[in-house]
Amino acid sequence: MRLNQLIDDFSKLGIENLDIKNIRYNSNDVESGDLFVATKGYVTDGHKYVKNAYEKGAVVAVVEDYVDVDIPQIKVENSRIALADLSNRYFNSPSEKLNMVGITATNGKTTTSFMLDTIYRLAGYKTGIIGTVYTKYADVMVPSILTTPESYDLQRYLSDMVENKIKKVTMEVSSSAQELYRNKNIDFNIVTFNNFSREHIDQHGSFENYYKFKSKLIREAKDKTACVLNMDFDEIAKLKDETKGQVVAYSLKNSAYDCTIKDLDLSTGFGKFTFEVLKEIEFNGIKIKPEKFDIELSASGYSSVMNAVAAIIVALLEGIDKEIIIKALKLFSGVERRCEMIYDGSFKVLDDHFANVRNIDVTLDTLKQMKYKNLHVLYAIRGSRGVELNRETSERMVQWFKDLGLDKVIATLSKDVVGKKDIVLDEELEVFKNTMSEHDMNFEIIDTLSEAIRVTLDDVNDGDVLLLAGCQGMDKGAGFLFDELSKMNKTDLEVLKDKVENRIC
């Protein structure tokens, strides 16, 4: 592709109209004939690597600041916007040829995406999914580093999806992606904003900035795009008047909007409820008339209920029959480590990543509604994420533990499984200890996850519930649990074994 095909007003740049083999934003990937875009990120600055890109064969560099390297340079105001625009043109705007659904939320993006993908596949569509776990379509499966891939990679995946005749694409849209323009130029048919709470404050600088970037997906939606909004959150509700998109509003708490639920039952840990369309909705030539139907989930937790409601509405807007939706949600057993029921034998074991305060609220509210004898909690302290996050989560946990009648929590540093970037720092351990002590909560700290699993299981009896909670430090918890239950000669381990063998984390 010629350079003038990629850049508007190319004639004003005063450089040669070169042939461009490919676009690169990582200098290590550069080959002869490539264009290199020097992007600025949270960790490093691509301008440091222009020389390396030149030495590897780059013929032109896109920069925000000129660098002292003998390579033609195109200066732009924001190189991340340039990367998104260049990539979209290079791959010929692939999202315009696909049916795209963008999902954002503080919690539950992944589960909502997987639910919707299950519905699509049962309806007979070839699907693609892009998110926290992986990018997957046709025979391609790439484990994710970023929830939303860098703009070049995203456009490359979408272009390949077009070639593979994918019909429905479900995509998680993170706040980071929106701040760094990764999802710029993506032509969404439907977008959703499912829930909102404090998260990523350090990353974005403030809670206000987090909301600013999180809400871009809705605020910048086109008039042809449906915006599915959870009105139970004030920050989401006010976006109703700040978007050009067609708003479809729902609530799990009242009947004032387009859709709601009734008769929720979480006594077994698995949600049952009646979904109700309250008002006629018309979108893209599809009319949805008021009706109600019963949903029974095989994914556990109140969070799964919230995620299912968003997925149901999107599926209805796509014209998918309610019977397919009902069947698909019954088949879907959940995403790993998202309030996942990994063992349902003489006692139950839930596995959850406990990432933030909102996540904790939803998971422990589920436990409050379940029926069981005694609750046991093993918590992997979140390492290298800062004192403030650990203080917030510890405070919220202990409040819930008191409400749930828990008299002791076992915590682990997971030294046998975490890498350098997830090591629990001394100050993070101290804030956990201090919070538990201030609230008179008994606790025990165990260095390794394997030992913590063994010790915790010693006190678990028939009819009890065990919660394995924590992010990276608990990723291997299910595996250790399987080993210990095998030693106990438990015979009902087929589901747990399958989950362990097919884990991505």
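Note that the coordinates shown come from a computational prediction; the quantities given were computed from them, not determined experimentally.
Remark: the backbone N or O of A105 is paired with a side-chain donor or acceptor of K109 at under 3.5 angstrom. Here the side chain of R156 pairs no donor or acceptor atom with the backbone of S87 at under 3.5 angstrom. A donor-acceptor pair under 3.5 Å links the side-chain atoms of E340 to the main chain of R337, judged by distance alone. Checking side-chain atoms of E276 against main-chain N and O of T260 turns up no donor-acceptor pair under 3.5 Å. In this structure a side-chain-to-backbone donor-acceptor pair under 3.5 Å is missing from E392 to V357. With hydrogens and angles ignored, the 3.5 Å screen pairs no side-chain donor or acceptor of R382 with any backbone N or O of N390. The backbone N or O of R80 sits nowhere less than 3.5 Å from a side-chain atom of T39 that would complete a donor-acceptor pair. A donor-acceptor contact shorter than 3.5 Å links the side chain of K216 to the backbone of Q178. Distance alone, capped at 3.5 Å, places no donor-acceptor pair between the T363 side chain and the I360 backbone. In terms of modelled atom types and a separation under 3.5 Å, the side chain of D232 and the main chain of L252 share a donor-acceptor contact.
For K136, the NZ atom sits in a loose shell: 12 or fewer heavy atoms of surrounding residues, nucleotides or ligands are nearer than 6.0 Å. Taking a 6.0 Å sphere around NZ of K56, one finds it holds more than 12 heavy atoms contributed by other residues, nucleotides or ligands.
Of all heavy-atom pairs between E428 and R385, the closest is OE2-N, 2.7 Å. When every heavy atom of K214 is checked against every heavy atom of T106, the shortest pair comes out as CE-N, 3.9 Å. The two atoms that bring Q155 and I186 nearest to each other are NE2-CD1, 3.6 Å, heavy atoms only. Nearest heavy-atom pair, G470 versus F354, reported as atom, atom and distance to 0.1 Å: N-CB, 3.6 Å. The two residues L317 and A226 make their nearest non-hydrogen contact at CD1-CB, 4.0 Å. Here the closest heavy-atom approach between residue R24 and residue D34 is recorded as NE-OD2, 3.0 Å.
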### Task
Show your reasoning for whether side-chain hydrogen bond (donor to acceptor under 3.5 Å, both in side chains) applies to N107 and S303.
CA-CA 8 Å; N107 297 298; S303 56; over 6 Å; no
### Message
Between N185 and D85, is the side-chain hydrogen bond (donor to acceptor under 3.5 Å, both in side chains) condition met? List the steps.
### Response
CA-CA 7 Å; N185 302 311; D85 290 343; 3.0 Å; yes
### Task
Please lay out, stage by stage, how S79 and V63 fare under the test side-chain contact (heavy atoms from CB on, under 4.5 Å).
CA-CA 6 Å; S79 56; V63 299; over 6 Å; no
#### Entry: K97/M161 under side-chain contact (heavy atoms from CB on, under 4.5 Å): CA gap, chis, key distance, verdict
CA-CA 10 Å; K97 307 174 183 68; M161 288 184 194; over 6 Å; no
### Query
Can you list the steps and then say if D117 with T127 is a side-chain hydrogen bond (donor to acceptor under 3.5 Å, both in side chains)?
CA-CA 7 Å; D117 185 71; T127 69; 2.7 Å; yes
### Query
Given the rule in the ring-ring contact (aromatic ring centres under 6.0 Å, His included) test, do Y257 and Y250 qualify, once you have shown the distances and angles that lead to the verdict?
CA-CA 5 Å; Y257 303 103; Y250 69 95; 9.1 Å; no
### Query
Step by step, would you call D187 with K224 a salt bridge (Lys or Arg N to Asp or Glu O under 4.0 Å)?
CA-CA 10 Å; D187 188 32; K224 68 173 185 177; 3.1 Å; yes
### Message
Let's go through V277 and K289 carefully: what are the C-alpha distance in whole Å and the side-chain angles of both, what is the deciding distance for side-chain contact (heavy atoms from CB on, under 4.5 Å) to 0.1 Å, and is it a yes or a no?
### Response
CA-CA 7 Å; V277 180; K289 296 187 178 298; over 6 Å; no
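Taking the six-membered ring wherever Trp is involved, the centroid distance between the rings of Y210 and F196 falls below 6.0 Å. Ring-centre distance between F91 and Y152: below the 6.0 Å cut-off.
Inter-residue side-chain proximity for L425 and S384 is flagged as met; some heavy-atom pair is nearer than 4.5 Å. A 4.5 Å side-chain heavy-atom check between I326 and I295 finds at least one atom pair inside the cut-off. Inter-residue side-chain proximity for L350 and S300 is flagged as met; some heavy-atom pair is nearer than 4.5 Å.
Ion pairing of R338 with D352 is absent here, as no side-chain N (NZ or NE/NH1/NH2) approaches a carboxylate O to less than 4.0 Å. Ion pairing of D361 with R358 is absent here, as no side-chain N (NZ or NE/NH1/NH2) approaches a carboxylate O to less than 4.0 Å. By the 4.0 Å N-to-carboxylate-O rule, D294 lies too far from K272 to be salt-bridged with it.
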Show the atom names and distances, to 0.1 Å, of all donor-acceptor pairs under 3.5 Å that link a side chain in residues 281-288 to residues at least two apart or in another chain.
none

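Under the 3.5 Å distance criterion, with hydrogens and angles disregarded, a donor-acceptor pair is assigned to the side chains of E172 and T132.
Remark: S93 engages N88 in a side-chain hydrogen bond (donor to acceptor under 3.5 Å, both in side chains) (not counting sequence neighbours).
Between Y120 and Y125, the ring planes lie perpendicular to each other; the angle is over 60°, past the 30° to 60° tilted range.
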